[in-house]
Amino acid sequence: MTPLVLGAVTTAWSTVVLPALRLTDRRRAVVNAAFGIGLTRASGLTAVELGLTRWRSGLWWGLGAAAVPVVGAAVVVSVPALAQRVRPSDDDLAEWVLLRIPVGTVVAEELAFRCVFDAVSPTGSPIFFGLWHIHPARAAGDSVLGTVVGTTLAGVVFSWLRRRSGSVLAPGLLHYAVNASGAVLAARRTSPAATVLG
């Protein structure tokens, strides 16, 4: 599969096909993960090419990288002026950190981009990772251009981590830490305890 075809498939999936299915959040998470798994299996690439080996290296690099957003979130919580800038969320935190982020986001995106796309085109992977986020930006009312640029830059970091560690586990752990930290911060902004303590 060429990079442009792969990019067309991933962008069409996230921008047109998945939104058109109008699934609940839980079902969307599962279907998105199934897309990532299916794309990985259909790629015909070996486990080594996909970064599905070297788990020990991936674990150490991933834990080290994941510490950065976790520490960053702790800093935000400790500085009221920063904490007030976090967008609050009424979503179920447990569902976010146990299902929607690890399954619907991390599994789906790491398989599609750091496994398959990085093996096919390490240069194209971050770009199409950015384009993958067009619909989520629209749905959240965020700047589409800002989101695409930001997630493209994140894709550069994730892809570098994948190459450096030789394992998709490393960017997967960082990806989870970034999103889960954000979800925890957003949930904290809406909790009564946060209002009293923050």
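Atom set for the values below is all heavy atoms of this structure, side chains included, hydrogens, waters and symmetry mates excluded.
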* Report yes if the side chains of Arg22 and Arg27 come closer than 4.5 Å at any heavy-atom pair, otherwise no. => no

* Might you point out which heavy atoms bring Val148 and Thr152 nearest each other, and give the distance in Å? => O-OG1, 2.7 Å

* Asked: Any sub-3.5 Å donor-acceptor pair from Tyr176's side-chain atoms to Val97's backbone N or O?
  -> yes

* Hey, could you give me the OG1/CG distance between Thr11 and Leu131, rounded to the nearest 0.5 Å? => 5.0 Å

* To do: Identify the two heavy atoms, one from Leu23 and one from Arg28, that lie closest to each other, and give their separation to 0.1 Å.
  => O-NH1, 3.4 Å

* **Side-chain heavy atoms of Ser167 within contact of Thr53, under 4.5 Å** => no

* Are the side chain of Ser43 and the backbone N or O of Thr40 linked by a donor-acceptor pair below 3.5 Å? -> yes

* Heavy-atom side-chain contact between Leu18 and His135 under 4.5 Å -> no

* **hydrophobic_cluster_shared for Val17 and Val30, side chain cutoff 4.5 Å** => no

* Any donor-acceptor pair under 3.5 Å from Thr10 side chain to Gly7 backbone -> yes

* To do: Applying ring-ring contact (aromatic ring centres under 6.0 Å, His included) between Phe113 and each of Phe158, Trp132, Phe35, report the one that passes.
  => Trp132

* Structure fact -> Shortest non-hydrogen pair, Ala33 vs Val107, comes out as CB-CG1, 4.1 Å

* Nearest atoms (heavy-atom pairs only) where Ala65 meets Leu161 -> CB-CD2, 3.8 Å

* So is Arg114 actually on top of Phe129's ring, under 6.0 Å and inside 45° of the axis? -> yes

* Structure fact -> Taken to the nearest 0.5 Å, the spacing of Arg54 CZ from Leu169 CG works out to 12.0 Å

* Asked: Are Phe128 and Val149 connected in the hydrophobic side-chain network, where two residues link if heavy atoms are under 4.5 Å apart?
  -> no

* Do you see a donor-acceptor pair shorter than 3.5 Å between the side chains of Asn32 and Trp13? -> yes

* To do: For the residue pair Pro122 and Ser159, establish whether any side-chain heavy-atom pair is separated by less than 4.5 Å.
  => no

* Criterion side-chain contact (heavy atoms from CB on, under 4.5 Å) on Leu111 and Val168, from CA distance to verdict -> CA-CA 8 Å; Leu111 288 177; Val168 72; 5.6 Å; no

* Asked: Any donor-acceptor pair under 3.5 Å linking the side chain of Ser78 with the backbone of Val75?
  -> yes

* Reported OG1-to-CD1 distance for the pair Thr15 and Ile134, which is rounded to 0.5 angstrom -> 4.5 Å

* Might you confirm whether atom CH2 of Trp55 has over 12 heavy atoms from other residues, nucleotides or ligands at distances under 6.0 Å? => yes

* Asked: Will you find, in the side chains of Asp142 and Thr147, an N or O donor that is under 3.5 Å from an N or O acceptor?
  -> no

* Going through the distances and angles, do Leu63 and Leu59 end up as a side-chain contact (heavy atoms from CB on, under 4.5 Å)? -> CA-CA 6 Å; Leu63 289 176; Leu59 178 63; 3.8 Å; yes

* Asked: Which atom names give the shortest non-hydrogen contact between Ala177 and Val70, and what distance separates them?
  -> CB-CG2, 4.4 Å

* Does Leu50 share a hydrophobic cluster with Val48, counting links as ILVMFWY side-chain heavy atoms below 4.5 Å and allowing steps through other members? -> no

* Asked: Where the side chain of Ser121 meets the backbone of Phe117, is there a donor-acceptor pair that is under 3.5 Å apart?
  -> no

* Asked: What distance separates Glu110 CD from Leu52 CG, expressed to the nearest 0.5 Å?
  -> 11.5 Å

* Asked: Out of curiosity, does Val5 fall in the hydrophobic cluster containing Leu39 (side-chain heavy atoms, cut-off under 4.5 Å, transitive links)?
  -> yes

* **Within-4.5 Å side-chain heavy-atom neighbours: Thr105 and Arg100** => no

* To do: For Gly146 and Ser143, work out which heavy atoms get closest and say how close.
  => N-OG, 2.9 Å

* Which distance, rounded to the nearest 0.5 Å, do you find between the CG of Leu99 and the CG of Asp25? -> 9.0 Å

* **Main-chain N/O of Ala154 paired with Thr151 side-chain donor or acceptor, under 3.5 Å** => no

* Asked: Does Ser57 use its side chain to pair, donor to acceptor, with the backbone of Ser165 at less than 3.5 Å?
  -> yes

* Verify the cluster assignment for Trp160 and Val178: are they in a single hydrophobic cluster under the rule of side-chain heavy atoms below 4.5 Å apart? => yes

* Asked: Could you state the interatomic distance from CZ (Arg162) to OG (Ser125), rounded to the nearest 0.5 Å?
  -> 9.0 Å

